[in-house]
Participant: 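Have a look at the structure that comes next, please.
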There are 2 protein chains.
Amino acid sequence: MNGMKDEMFDSSLISRFQKEIEPGYVLRPLQMNDHQNGYLDLLSQLTSVGDVDDEWFEKRFISMRDTNPKAYYVVVLADEKNDRIVASATLVIEWKFIHQAGCRGRVEDVVVDEQLRGKKIGSLLNRILVHLAQQIGVYKLSLECKDKLIPFYESFGYKKDEGNNFLVQRFDH
Amino acid sequence: MNGMKDEMFDSSLISRFQKEIEPGYVLRPLQMNDHQNGYLDLLSQLTSVGDVDDEWFEKRFISMRDTNPKAYYVVVLADEKNDRIVASATLVIEWKFIHQAGCRGRVEDVVVDEQLRGKKIGSLLNRILVHLAQQIGVYKLSLECKDKLIPFYESFGYKKDEGNNFLVQRFDH
């Protein structure tokens, strides 16, 4: 234990945003040990998480961390006093052959702890992901959202993709 | 040159579908040398491709092939006599912490050469991707499509995600 954090991506990519965080909270990449810091409890406010043990968590973390080129950017906000994760948003990069073998970005799994809503934390996380996506050089950034969140996301530059539909099918296991 | 094909994924995953292909065509994973076989020319019937040289193509191919766990499944149909790529569809897997650290699938970049449309090749490629996604165990499979293609995709089990919107922003480089 040498004090080094096992982080999903280089924290310097988002450090410029720390000054916008209120005292007592730290903005950082997801860490390998964040299973113990309640990351999945937070995600369970968003959707079903199910049982994921430490080993499975670490395996999933490593598969994301070790993508090359890097494809997963899980940004979290942690309570400084106990390292508890209180908000998170993920940027996923998809590598393409089209658009000059470019890449597109997707915003996924945005969640703010219900105790901390109304403090513009979701806005900050979204601005961070747009900034990251632009640095990486995506040609397109997209997300899915509930009807009531359209105005919120429009404020970050997103628009309905007119004439394009989003279709889904789900599978049980 | 030992005759081994450098394929993006294990061709046995899709070989059961070869019997549905008309004589003269081969169903297979994308190969490292498919830049020379017109893969990008085919994609240019779908959207902008731009200039991608052999080196850049191979680099992109390798980044997709070497994902671990495997995340890119580019399925192509090739003309047997000259190995020319005449159709393609891509399944991309996104690894998650939610849904029991599961995964979701996305259907991307489906294109059939305009000379070969009306032969149900697009349908076959879509059935193959749904089959692959089920084998991999995705909890959700999604795609974006033009209005006029909704009935086509509904025939494979996709539905509009009611109450969920798809928002996009684009960037110039």
Side-chain angles (χ1 to χ4, degrees), chain A residues 39-40 43 46-52 56-57 59-60 63-64 66-69 71-72 92 94-102 106 108-109 130 133-134 137-147 149-150 153-154 156-161 163-173, chain B residues 39-40 43 46-52 56-57 59-60 63-64 66-69 71-72 92 94-102 106 108-109 130 133-134 137-147 149-150 153-154 156-161 163-173:
Chain A
Y39 177 56
L40 299 184
L43 286 180
L46 186 69
T47 187
S48 159
V49 173
D51 286 330
V52 177
W56 192 210
F57 186 95
K59 190 177 161 183
R60 176 58 81 232
S63 67
M64 292 177 173
D66 293 352
T67 47
N68 182 18
Y72 290 87
V92 182
E94 181 193 334
W95 306 101
K96 307 291 271 185
F97 283 104
I98 59 174
H99 295 288
Q100 211 117 21
R106 290 188 173 92
E108 293 282 325
D109 305 328
V130 172
Q134 286 182 297
V138 308
Y139 65 86
K140 180 162 85 171
L141 184 59
S142 65
L143 55 81
E144 299 125 48
C145 75
K146 301 290 178 203
D147 297 345
L149 287 173
I150 292 178
Y153 283 111
E154 282 177 338
F156 307 106
Y158 299 93
K159 289 179 186 151
K160 270 213 156 196
D161 206 23
N164 240 347
N165 301 277
F166 180 70
L167 302 184
V168 168
Q169 61 180 305
R170 291 169 207 278
F171 301 97
D172 287 327
H173 299 290
Chain B
Y39 177 56
L40 298 185
L43 286 181
L46 185 69
T47 188
S48 160
V49 173
D51 287 330
V52 176
W56 192 210
F57 185 95
K59 191 177 160 183
R60 176 57 82 233
S63 67
M64 291 177 174
D66 293 352
T67 47
N68 183 18
Y72 290 87
V92 183
E94 180 194 335
W95 306 102
K96 307 291 270 185
F97 283 103
I98 59 174
H99 295 288
Q100 211 119 19
R106 290 188 172 92
E108 294 282 325
D109 306 329
V130 173
Q134 286 182 296
V138 309
Y139 64 86
K140 179 162 86 171
L141 185 59
S142 65
L143 56 80
E144 298 126 48
C145 75
K146 301 289 180 205
D147 297 345
L149 288 174
I150 291 178
Y153 283 110
E154 281 177 339
F156 306 106
Y158 299 93
K159 288 179 185 151
K160 271 215 158 195
D161 205 22
N164 240 346
N165 301 277
F166 181 69
L167 303 183
V168 168
Q169 60 180 308
R170 292 170 206 278
F171 301 96
D172 287 328
H173 299 291

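Values below: every heavy atom of this structure, side chains too, minus hydrogens, waters and symmetry copies. Here is the naming used below: chain letters follow the sequence lines, and residue numbers restart at 1 for every chain. Worth saying up front: this structure is predicted, and the values here are computed from it rather than measured.
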Participant: Taking all atoms of both residues into account, what is the closest heavy-atom pair of A:Tyr158 and A:Val130, and its distance?
Facilitator: OH-CG2, 3.7 Å
Participant: Given the options B:Ala71, B:Ser63, B:Gly102, B:Ala101, which has more heavy-atom pairs under 4.5 Å with chain A than any of the others?
Facilitator: B:Ala101
Participant: Locate the shortest heavy-atom distance separating A:Arg60 from B:Trp95; write the atom from each residue and the value.
Facilitator: NH2-CE3, 3.4 Å
Participant: Show the nearest heavy-atom pair for residues A:Asn164 and B:Glu144, with the distance to one decimal.
Facilitator: OD1-C, 4.3 Å
Participant: Among B:Leu143, B:Val52, B:Asp51, which has the most heavy-atom pairs under 4.5 Å with chain A?
Facilitator: B:Leu143
Participant: Holding to side-chain contact (heavy atoms from CB on, under 4.5 Å), I want the full list of residues that pass it with B:Ser142, two or more places apart in sequence or in another chain.
Facilitator: A:Phe166, A:Val168, B:Arg104, B:Arg106
Participant: Heavy-atom pairs under 4.5 Å with chain B are the metric here; pick the option from A:Cys145, A:Gly137, A:Ser48 that has the most.
Facilitator: A:Cys145
Participant: When rounded to the nearest 0.5 angstrom, what distance separates CG in B:Leu141 from CG in A:Leu167?
Facilitator: 10.5 Å
Participant: Which of the residues A:Lys160, A:Gln134, A:Glu154, A:Glu94 is involved in the greatest number of heavy-atom pairs with chain B at under 4.5 angstrom?
Facilitator: A:Glu94
Participant: Measuring heavy-atom distances to chain B, does A:Asn68 have an atom under 4.5 Å in its side chain, in its backbone, in both, or in neither?
Facilitator: backbone
Participant: Does any heavy atom of chain B fall under 4.5 Å from the side chain of A:Val92, the backbone, both, or neither of them?
Facilitator: side chain
Participant: Partners of A:Phe171 by ring pair (Phe, Tyr, Trp, His ring centres under 6.0 Å), sequence neighbours excluded?
Facilitator: none
Participant: Which one of A:Val138, A:Thr67, A:Leu43 has the most heavy-atom pairs closer than 4.5 Å to chain B?
Facilitator: A:Val138
Participant: Hey, could you give me the CZ/CE distance between A:Phe97 and B:Met64, rounded to the nearest 0.5 Å?
Facilitator: 4.5 Å
Participant: Heavy-atom distance under 4.5 Å to chain B: side chain of A:Lys59, backbone, both or neither?
Facilitator: neither
Participant: Quick check on the interface: out of A:Tyr153, A:Tyr139, A:Tyr39, who has the most heavy-atom pairs with chain B under 4.5 Å?
Facilitator: A:Tyr139
Participant: Which atoms of B:Phe57 are under 4.5 Å from chain A, going by heavy atoms: the side chain, the backbone, both sets, or neither?
Facilitator: both
Participant: Specify which of A:Leu40, A:Leu46, A:Ile150 makes the most heavy-atom pairs with chain B at under 4.5 Å.
Facilitator: A:Ile150
